[in-house]
**Student:** 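My structure is below; once you've seen it, I'll send some questions.
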Amino acid sequence: MVPLAITFLVTALLYASVGFGGGSTYTALLALTEVDYRVLPLLSLACNLVVVAGSTVRFARARVTPWGRALLLTAIAAPAAFLGGLTPIAEQGFLALFGTSLLFTALTMMLPVAKRPEGEGERGRVARYAPLAALPLGYISGLVGIGGGIFLSPLLHLVRWDSARAIAATASLFILVNSLFGLAGQVLKGGEGRFAAAVDLGLPLLIAVAIGGQIGSLLALRYLPQRWIRWGTGALTAFVGGRLLLNL
């Protein structure tokens, strides 16, 4: 448990430093152990909540969250995340879908992020259609136990939805709400026994990601080059996703 907790701490540090929760990597790390696959989303979504809650509050205090449009995205995605959490899925299907999503996640992490002025500036013409992507992203998030922000953020950058800080704030809120609704669905689907198993295993991991998330948000942004962090995290995610698919 100690090595796993340390790995979770480092993962939370890395992901928090680039504005994400790390749910995809938490689930992948647990999938490579002997943990019941049905417990994985419960643990990963709970860890997500711990990591992104602080980021969401900090963005709100800095007044960079575009609340109207951010809440629209989350309002569309949240019910879908709840339904995804409720959806039964066989182990092979879960691992195949999750491994594929990890590879896509790695690609989004390693793609260059276009820089824009911190003001709103000119938005892309297709930015108004971004909410259409919230529904499938929310469902996948709840189904495999991730927040979905790591898919949403590159999309918003691609369509020039807003400034980089506003997109990071939106992704953080998106992850927080999706993780909460997805977790609720997973708890209802799994029942008290599976939830109790997740609690027994998860407490040290939740403490680890809480520490890692705080360190990542307070220190890594100041001292570590963002490009190195994104590429390193993306490479790790691609390796784990590929390994999961090869083991099917």
Side-chain angles (χ1 to χ4, degrees), residues 8 15 20-53 56 70-105 130-153 155 170-203 205-206 209 240-241 244-245 248:
F8 268 53
Y15 275 92
F20 300 130
S24 55
T25 300
Y26 303 139
T27 303
L29 292 170
L30 290 167
L32 295 176
T33 67
E34 296 181 355
V35 177
D36 185 346
Y37 84 97
R38 293 168 296 181
V39 177
L40 304 187
L42 292 169
L43 293 171
S44 298
L45 291 170
C47 289
N48 257 1
L49 288 171
V50 172
V51 174
V52 299
T56 303
L71 288 174
L72 175 62
L73 289 174
T74 55
I76 294 172
F82 180 73
L83 291 176
L86 282 174
T87 304
I89 184 171
E91 182 173 9
Q92 290 295 102
F94 172 82
L95 293 178
L97 177 61
F98 183 64
T100 302
S101 69
L102 276 181
L103 294 180
F104 185 78
T105 295
L132 297 177
L135 193 66
L137 290 182
Y139 184 78
I140 293 174
S141 299
L143 183 63
V144 301
I146 60 177
I150 204 165
F151 298 144
L152 178 70
S153 181
L155 173 64
T170 300
S172 182
L173 179 66
F174 190 83
I175 294 168
L176 179 67
V177 176
N178 273 350
S179 296
L180 181 62
F181 276 76
L183 182 61
Q186 292 285 345
V187 170
L188 289 177
K189 178 176 67 176
E192 295 181 3
R194 199 174 301 161
F195 179 70
V199 170
D200 290 341
L201 177 62
L203 184 58
L205 303 179
L206 290 173
V209 299
V240 177
L244 282 178
L245 291 176
L248 290 176

**Student:** What pair of heavy atoms forms the shortest contact from S141 to G148, and how long is it?
**Tutor:** OG-CA, 3.2 Å
**Student:** Just to verify, what does P136 make a side chain to side chain contact (heavy atoms under 4.5 Å, CB included) with, not counting sequence neighbours?
**Tutor:** none
**Student:** Just list the side-chain donor-acceptor pairs under 3.5 Å for residues 81-96, sequence neighbours left out, or say none.
**Tutor:**
unit_1 : atom_1 : unit_2 : atom_2 : d
T87    : OG1    : L83    : O      : 2.7
T87    : OG1    : Y139   : OH     : 2.9

**Student:** Show the nearest heavy-atom pair for residues T56 and L173, with the distance to one decimal.
**Tutor:** OG1-N, 3.9 Å
**Student:** Mind checking whether L29 and T25 have side chains closer than 4.5 Å, heavy atoms only?
**Tutor:** yes
**Student:** If the condition is side chain to side chain contact (heavy atoms under 4.5 Å, CB included), which residues does V39 pass it with, not counting sequence neighbours?
**Tutor:** V35, D36, L43, R194, A198
**Student:** Please output the side-chain donor-acceptor pairs of residues 175-183 that fall under 3.5 Å, not counting sequence neighbours, one pair per line with the distance.
**Tutor:**
unit_1 : atom_1 : unit_2 : atom_2 : d
N178   : ND2    : G147   : O      : 3.1
S179   : OG     : N48    : ND2    : 3.3
S179   : OG     : I175   : O      : 2.7

**Student:** Looking at every heavy atom in both I146 and G23, which two are closest together, and how far apart are they?
**Tutor:**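 For I146 and G23, the tightest heavy-atom pair comes out as CG2-C, 3.8 Å.
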**Student:** To the nearest 0.5 Å, tell me how far I76 CD1 sits from L132 CG.
**Tutor:**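 Spacing of CD1 (I76) from CG (L132) equals 7.5 Å.
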**Student:** For a quick test of reading the model, state the closest non-hydrogen atom pair linking L73 to P131 and the distance between them.
**Tutor:** CD2-CA, 3.4 Å
**Student:** Please give me the minimum heavy-atom distance between L143 and Q186, naming the atom from each residue.
**Tutor:**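 Where L143 meets Q186 most closely, the heavy atoms are O-NE2, 3.6 Å.
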**Student:** Looking at residues at least two apart in the chain, or sitting in another chain, which of them share a side chain to side chain donor-acceptor pair (under 3.5 Å) with T27?
**Tutor:**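 So T27 forms a side chain to side chain donor-acceptor pair (under 3.5 Å) with S44.
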**Student:** Determine yes or no for a side-chain-to-main-chain donor-acceptor pair under 3.5 angstrom, with Y26 supplying the side chain and A46 the backbone.
**Tutor:**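 Absent.
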**Student:** Does F174 have any ring-ring contact (aromatic ring centres under 6.0 Å, His included) partners at least two apart in sequence or in another chain, and if so, which?
**Tutor:** none
**Student:** Applying side chain to side chain contact (heavy atoms under 4.5 Å, CB included), can you list everything that pairs with L203, at least two apart in sequence or on another chain?
**Tutor:** I207
**Student:** For T170, what residues pass the side chain to side chain donor-acceptor pair (under 3.5 Å) criterion, not counting sequence neighbours?
**Tutor:**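 In terms of side chain to side chain donor-acceptor pair (under 3.5 Å), with neighbours along the sequence ignored, T170 is linked to no residue.
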**Student:** Would you call L71 and T74 a side-chain contact if the rule is heavy atoms closer than 4.5 Å?
**Tutor:**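 The answer is yes, as the side chains (C-beta and beyond) meet within the 4.5 Å cut-off.
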